[in-house]
Amino acid sequence: EYDQWSERSRKLKPRYYTNIVTAFILSCANGHLDTSKWLYQLSIDNGCTIDIHDQYYCAFKLSCGYGHIATSKWLYQLSLDTGTPINSVY
């Protein structure tokens with residue numbers, strides 16, 4: 001039974017990842033910092049960690065563009081914590 005669940009889970013991850021990334025980007029774009037943090041942790045807990053550089057840095061660009069400084073700072077710090085600073089590529 002566990003093996004069947006694992007196989008099903010692997011098949012669902014691409015769709016799950018796309019949905020959670022979309023929700024994450026929209027959350028960052030709208031300055032919903034707590035929701036963004038929750039979605040990021042949820043992605044870690046489910047084994048498909050959000051790449052904050054995904055979609056050409058869309059989450060970071062939109063959070064900056066809409067003036068959500070706290071969210072932008074969090075994303076920047078997260079990029080440092082993960083060893084892939086945003087400033088090195090953007």
Side-chain angles (χ1 to χ4, degrees):
E1 191 172 284
Y2 177 77
D3 292 334
Q4 290 175 347
W5 172 250
S6 296
E7 182 62 30
R8 183 169 180 248
S9 177
R10 280 194 290 275
K11 289 178 183 177
L12 291 176
K13 280 186 180 176
R15 180 185 296 166
Y16 172 81
Y17 183 79
T18 300
N19 290 340
I20 200 165
V21 167
T22 301
F24 178 77
I25 289 170
L26 291 173
S27 177
C28 290
N30 288 293
H32 301 297
L33 181 56
D34 290 337
T35 303
S36 300
K37 288 179 178 182
W38 175 75
L39 287 166
Y40 186 76
Q41 186 59 51
L42 187 65
S43 75
I44 292 169
D45 295 345
N46 284 285
C48 52
T49 304
I50 291 170
D51 178 359
I52 61 169
H53 304 293
D54 207 1
Q55 304 289 325
Y56 302 101
Y57 316 99
C58 193
F60 183 72
K61 288 179 183 179
L62 290 174
S63 67
C64 290
Y66 287 114
H68 302 299
I69 303 303
T71 303
S72 301
K73 285 181 177 181
W74 173 71
L75 287 167
Y76 179 74
Q77 186 59 51
L78 189 59
S79 77
L80 296 177
D81 294 346
T82 59
T84 54
I86 288 173
N87 66 344
S88 70
V89 290
Y90 176 67

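Please read all numbers here as calculations on a predicted model, not as lab measurements.
Within the model, atoms NZ of Lys37 and CG of Leu42 stand 16.0 Å from one another, a figure rounded to the nearest 0.5 Å. The OG1 atom of Thr22 lies 7.0 Å from the CD atom of Gln55; values are rounded to the nearest 0.5 Å. Taking CD1 from Ile52 and OG from Ser43, the interatomic distance works out to 11.0 Å, rounded to the nearest 0.5 Å. For the atom pair CZ of Phe60 and CD1 of Ile86, the computed distance is 4.5 Å after rounding to the nearest 0.5 Å. A distance of 6.0 Å separates CD1 in Ile25 from CG in Asp54, rounded to the nearest 0.5 Å. Here the CG atom belonging to Leu75 is positioned 10.5 Å from the CG atom belonging to Leu62, to the nearest 0.5 angstrom.
Side-chain atoms of Thr82 come within 3.5 Å of backbone atoms of Leu78 as a donor-acceptor pair (strictly under, hydrogens ignored).
A 4.5 Å side-chain heavy-atom check between Tyr40 and Ile20 finds every atom pair outside the cut-off.
Under the side-chain hydrogen bond (donor to acceptor under 3.5 Å, both in side chains) criterion, the residue pairs touching residues 62-72 are Ser63-Ser72, with sequence neighbours excluded.
Nearest heavy atom pair, residue Phe24 against residue Ala59, reads CE2-CB, 3.9 Å. The two atoms that bring His53 and Ser79 nearest to each other are CE1-CB, 4.2 Å, heavy atoms only.
Transitive grouping of hydrophobic side chains (ILVMFWY, heavy atoms separated by less than 4.5 Å) brings Leu33 and Ile50 into a common cluster.
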